[in-house]
Amino acid sequence: SDADCAFAPSAHSSPEARRGVFWKLPGSSDTASGGYTQFTVYAEPGVSTAGSNGPSGGNATFVNMGAVVPDAYGGQTSFGGTSSAMNAELIAFGGINDGGAGTIVFSGDASGGTASVQLHGGGTIDISGCTQSGLTIGALESAGGCIVVSVGAQTTCLIVSEQLGITATPVRFSFKSANGVTAGESYVVLTAPNLGSFAADQFTGTTVGGATPSFSIVGTELHVSFSS
């Protein structure tokens, strides 16, 4: 099913998904789209959305299923504009048989609130389109999940304010970069209060312009650098 929780800018209204449970099912045939829920704020050209109260995920649960058919798309829940995930539970499962993964997407000025995110078997959270340098969520549990971030001049870091859990490794990063990366420079892509209880070899990532990523943990921060 599809849902579009989009509103014009307002300093007063703040619609939310409350305590609903939403299943985003995958596409059932080649190149078919999956179920999609979008939270965002639309504005007329020249009208700023700054300071507006966008829609939020409330205390709802969103389950984004991966596709089981080759080249079909998984379900997706998206937060854009000035929307917020608030205290939602966001769950994404990977696809099989070359089907697309279930995906949670944050972009623009959207915020993660204290949302709890679960990624299973290739389930994905994508924050590469965020305009801010860091996106904060409450908790993250990864069982072979994927995190998509931007690195380089504009780096987006996933900030876990409460607890990071890793029940299956590796945690995979997919890196996007508009202008490439600087060899040897360190980029912070994940923070969590308990990050020090994990090891750098529990993380892996894609190359950028042929440069290979290398991870290190410094206190509560996960750093990545690239070398040819």
Side-chain angles (χ1 to χ4, degrees), residues 21-27 34-39 57 60-68 72-79 84-107 110-130 134-151 156-176 188-195 197-206 213 215 217 220-222 224:
V21 178
F22 303 88
W23 288 80
K24 305 291 99 182
L25 301 181
Y36 181 73
T37 293
Q38 180 185 38
F39 293 83
T61 299
F62 298 88
V63 184
N64 305 276
M65 301 300 295
V68 299
Y73 291 90
Q76 183 179 117
T77 300
S78 172
F79 296 89
S84 171
M86 202 170 171
N87 196 41
E89 185 174 13
L90 307 173
I91 305 169
F93 290 90
I96 60 173
N97 301 324
D98 293 324
T103 307
I104 303 154
V105 178
F106 288 90
S107 63
S111 61
T114 56
S116 172
V117 176
Q118 298 178 28
L119 306 176
H120 301 275
T124 298
I125 180 170
D126 185 344
I127 65 168
S128 63
C130 290
L135 179 92
T136 299
I137 60 173
L140 173 64
E141 180 180 336
S142 177
C146 178
I147 303 171
V148 184
V149 299
S150 176
V151 290
T156 53
C157 174
L158 183 61
I159 303 168
V160 180
S161 63
E162 297 170 11
Q163 190 79 3
L164 170 66
I166 300 176
T167 57
T169 57
V171 179
R172 181 175 179 270
F173 279 84
S174 179
F175 297 114
K176 294 184 178 181
V188 179
V189 292
L190 175 68
T191 71
N194 64 325
L195 188 63
S197 62
F198 300 99
D201 62 7
Q202 292 178 277
F203 302 89
T204 187
T206 57
F215 292 90
I217 294 175
T220 61
E221 299 177 341
L222 179 68
V224 63

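Every value quoted in this text rests on a predicted model; they were computed, and no experiment measured them. Position 1 is the first residue of the sequence; numbering continues from there.
Between the side chains of Lys24 and Thr37, at least one donor-acceptor pair of N or O atoms lies under 3.5 Å. Between the side chains of Ser128 and Thr156, no donor N or O sits under 3.5 Å from an acceptor N or O.
Between the CG atom in Leu135 and the OG atom in Ser107 there is a gap of 10.0 Å [rounded to 0.5 Å]. Separating the CG atom in Leu119 from the OG1 atom in Thr124 is a distance of 7.0 Å, to the nearest 0.5 Å. Interatomic distance, OH of Tyr36 versus CD of Gln76, reported as 5.0 Å (0.5 Å rounding). Here the CD1 atom belonging to Ile127 is positioned 9.0 Å from the CZ atom belonging to Phe106, to the nearest 0.5 angstrom. Rounding to the nearest 0.5 Å places CG of Leu190 at 5.5 Å from CG of Leu222. Atom CD1 of Ile125 is separated from atom SG of Cys146 by 10.5 Å, given to the nearest 0.5 angstrom.
A perpendicular orientation is assigned to the rings of Phe79 and Phe62, their planes being inclined by more than 60° (bins at 30° and 60°).
Between Val189 and Leu158, the closest side-chain pair of non-hydrogen atoms is not below 4.5 Å. Considering only heavy atoms from C-beta on, Val224 stays 4.5 Å or farther from Val188 through its side chain. In this structure the side chain of Val117 never reaches within 4.5 angstrom of the side chain of Glu141, judged on heavy atoms. The shortest distance between side-chain heavy atoms of Tyr73 and Thr103 does not fall below 4.5 Å. Side-chain contact between Asp126 and Ile104 is absent, with no heavy-atom pair separated by less than 4.5 Å. A 4.5 Å side-chain heavy-atom check between Val149 and Lys176 finds every atom pair outside the cut-off. For the pair Cys157 and Ile159, the minimum side-chain heavy-atom distance is below 4.5 Å.
Side-chain atoms of Ser84 come within 3.5 Å of backbone atoms of Met86 as a donor-acceptor pair (strictly under, hydrogens ignored). With hydrogens and angles ignored, the 3.5 Å screen pairs a side-chain donor or acceptor of Asn64 with a backbone N or O of Ile91. Asn194 places a side-chain N or O within donor-acceptor distance of the main-chain N or O of Leu164, the cut-off being under 3.5 Å. In terms of modelled atom types and a separation under 3.5 Å, the side chain of Thr204 and the main chain of Arg172 share no donor-acceptor contact.
The nearest pair of heavy atoms linking Gly122 to Ala101 is O-CB, 3.4 Å. Heavy atoms only, all atoms of each residue included: Pro213 and Gly205 are closest at CG-O, 3.4 Å. The minimum heavy-atom distance linking Pro193 with Ser161 is given by the pair CG-O, 3.5 Å. In plain terms, the two heavy atoms of Gly27 and Ala67 that are nearest each other are O-CB, 4.3 Å.
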Original post:
Between Val171 and Ile147, does a side chain to side chain contact (heavy atoms under 4.5 Å, CB included) hold up when you go through it step by step?
Top reply: CA-CA 8 Å; Val171 179; Ile147 303 171; 3.9 Å; yes
**OP:** Tell me, with the steps shown, if Val63 and Phe93 meet side chain to side chain contact (heavy atoms under 4.5 Å, CB included).
**Re:** CA-CA 8 Å; Val63 184; Phe93 290 90; 4.0 Å; yes
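Separation of the Phe198 and Phe203 ring centroids does not fall under the 6.0 Å cut-off.
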